[in-house]
Amino acid sequence: MDVRVIDAWIQHPPPTFLAHPMFETLRRWMRLDVVPESIPLELTLGAMDAAGVERALLSAWWGPGGPLISNDDVARWVDASGGRLIGVASADLRRPMEAVREIRRCAARGFRAVRVLPWLWELPPDHPRYYPIYAACVDLGLPFCTQVGHTGPSMPSEPGRPIPYLDRVALDFPELVIVGGHVGHPWTEEMISLATKYPNVYIDTSAYKATRYPASLVAFMRAHGRKKVLFGSNHPMITPGACLEGLDALGLDEEARRLFLRDNAVRIFGL
């Protein structure tokens, strides 16, 4: 079956992003000894082409020190991509009203989601600083994307534990669409339980090759969770092509495969 893939999580990183000290472990895993002076957008689009990825959700990053990948940069790359890239906004947790205004500005520019990384702020997602952002996402119909599980960068992993933190968010904001990226390892079972319990909670597989998906996640994708899991790569940490290697061995039927690679993203992000 030929499916035009949608990648739920990529970055087009500026060199300053790749060179940040907290990504030392990731640079080592990527065997990136020298950070290039510039990274053409064509490299990211070429990685998508090589994997049969038609469109990808391109993420901004905002942390305590300010934007690491700005919303304006993402908007510029989206405009230059010929419709291949879809903007995912981020915002400053410390300034709630400014964050809400920024999210509204990005939504008006066509961004389709918001992403905040709890480990980057060292604040779990049930912290009150997130709540104005959740309210804005519900009001604007934007999914809230986040990271669940352990961290690759040299930062604490605890804020990425699904239960109790994301569990509380789903209870407090039942209308909020939540997409937890990076499968939640070593708490994948917790993430699966939330995606089973809450109609608006989903999982994306970014940062994992298909050959490394936990067995419980694969079983979920084959059965009652087939409408709950989205393909993601976390490019450039792992290219989409590398993430898709071994997909055939998962034993997904035609419907489950199509939902995973494309249809779930179309539905969840309104594409």
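Please read all numbers here as calculations on a predicted model, not as lab measurements.
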For residues [X] and [Y], report the shortest heavy-atom separation together with the two atoms involved.
{"X": "Pro128", "Y": "Pro132", "answer": "O-CD, 3.4 Å"}
{"X": "Ala60", "Y": "Ser90", "answer": "O-CB, 3.7 Å"}
{"X": "Gly232", "Y": "Asp7", "answer": "CA-OD1, 3.2 Å"}
{"X": "Ala195", "Y": "Phe220", "answer": "CB-CZ, 4.0 Å"}
{"X": "Pro156", "Y": "Glu122", "answer": "CG-OE1, 3.6 Å"}
{"X": "Glu189", "Y": "Ser216", "answer": "OE2-CB, 3.1 Å"}

Between [X] (side chain) and [Y] (backbone), is there a donor-acceptor pair under 3.5 Å?
{"X": "Asn200", "Y": "Pro174", "value": "yes"}
{"X": "His182", "Y": "Ser206", "value": "yes"}
{"X": "Arg4", "Y": "Arg262", "value": "no"}
{"X": "Arg84", "Y": "Ala56", "value": "no"}
{"X": "Tyr130", "Y": "Val116", "value": "no"}
{"X": "His127", "Y": "Arg129", "value": "yes"}
{"X": "His185", "Y": "Tyr213", "value": "no"}
{"X": "Thr211", "Y": "Gly246", "value": "no"}

Please determine, by modelled atom types, if [X] and [Y] share a side-chain donor-acceptor pair under 3.5 angstrom.
{"X": "Ser70", "Y": "Asp72", "answer": "no"}
{"X": "Ser59", "Y": "Arg115", "answer": "yes"}
{"X": "Asn71", "Y": "Glu102", "answer": "yes"}

If hydrophobic clusters are built from ILVMFWY residues whose side chains come within less than 4.5 Å, do [X] and [Y] share one?
{"X": "Leu259", "Y": "Val229", "answer": "no"}
{"X": "Tyr198", "Y": "Trp187", "answer": "no"}
{"X": "Met191", "Y": "Met221", "answer": "yes"}

Ion pair check, Lys209 and Glu245, cut-off under 4.0 Å: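 Result for this pair is no, no salt bridge flagged.
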Cationic N near anionic O, under 4.0 Å, Arg76 to Asp79: no
Verdict with supporting geometry, Leu176 and Cys137, side chain to side chain contact (heavy atoms under 4.5 Å, CB included): CA-CA 7 Å; Leu176 179 67; Cys137 285; 3.7 Å; yes
Just wondering, do [Y] and [X] contact through their side chains at under 4.5 Å, heavy atoms?
{"X": "Val3", "Y": "Phe260", "answer": "no"}
{"X": "Val53", "Y": "Ile10", "answer": "no"}
{"X": "Ser193", "Y": "Ile163", "answer": "yes"}
{"X": "Pro124", "Y": "Glu158", "answer": "no"}
{"X": "Tyr131", "Y": "Asp172", "answer": "yes"}
{"X": "Val74", "Y": "Phe111", "answer": "yes"}
{"X": "Cys243", "Y": "Phe231", "answer": "yes"}
{"X": "Leu41", "Y": "His12", "answer": "yes"}

[atom1]-[atom2] distance between [X] and [Y], expressed to the nearest 0.5 angstrom:
{"X": "Ile203", "Y": "Leu217", "atom1": "CD1", "atom2": "CG", "value": "5.5 Å"}
{"X": "Glu190", "Y": "Ile192", "atom1": "CD", "atom2": "CD1", "value": "11.0 Å"}
{"X": "Thr151", "Y": "Leu117", "atom1": "OG1", "atom2": "CG", "value": "10.5 Å"}
{"X": "Leu244", "Y": "Thr239", "atom1": "CG", "atom2": "OG1", "value": "8.5 Å"}
{"X": "Thr146", "Y": "Ile133", "atom1": "OG1", "atom2": "CD1", "value": "10.5 Å"}
{"X": "Arg161", "Y": "Asp167", "atom1": "CZ", "atom2": "CG", "value": "11.5 Å"}

Linked hydrophobic residues, [X] as query - side chain contacts closer than 4.5 Å:
{"X": "Tyr165", "answer": "none"}
{"X": "Val100", "answer": "none"}
{"X": "Ile86", "answer": "Ile6, Leu57, Val88, Val177, Val179, Tyr202, Leu230, Val266, Ile268, Phe269, Leu271"}

Test side chain to side chain contact (heavy atoms under 4.5 Å, CB included) applied to Asp126 and Leu166, step by step: CA-CA 6 Å; Asp126 65 344; Leu166 209 57; over 6 Å; no
Trp9: partners by side-chain hydrogen bond (donor to acceptor under 3.5 Å, both in side chains), with sequence neighbours left out: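 By the side-chain hydrogen bond (donor to acceptor under 3.5 Å, both in side chains) rule, Trp9 matches Gln11, Asn234.
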Listed partners of Arg168 passing side-chain hydrogen bond (donor to acceptor under 3.5 Å, both in side chains), at least two apart: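 In terms of side-chain hydrogen bond (donor to acceptor under 3.5 Å, both in side chains), with neighbours along the sequence ignored, Arg168 is linked to no residue.
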Name of the residue among Lys228, Arg258, Arg226 meeting salt bridge (charged side-chain N to carboxylate O under 4.0 Å, His left out) with Asp263: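 For Asp263, the salt bridge (charged side-chain N to carboxylate O under 4.0 Å, His left out) check succeeds only for Arg258.
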Residues that Phe144 engages under ring pair (Phe, Tyr, Trp, His ring centres under 6.0 Å), provided they are two or more places apart: Tyr134
Greater than 12 external heavy atoms within 6.0 Å of Glu175's CD: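 For Glu175, atom CD is not crowded (no more than 12 foreign heavy atoms under 6.0 Å).
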Member of Thr188, Val148, Asp204 meeting the side-chain contact (heavy atoms from CB on, under 4.5 Å) criterion with Val183: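 The side-chain contact (heavy atoms from CB on, under 4.5 Å) with Val183 is passed solely by Thr188 among Thr188, Val148, Asp204.
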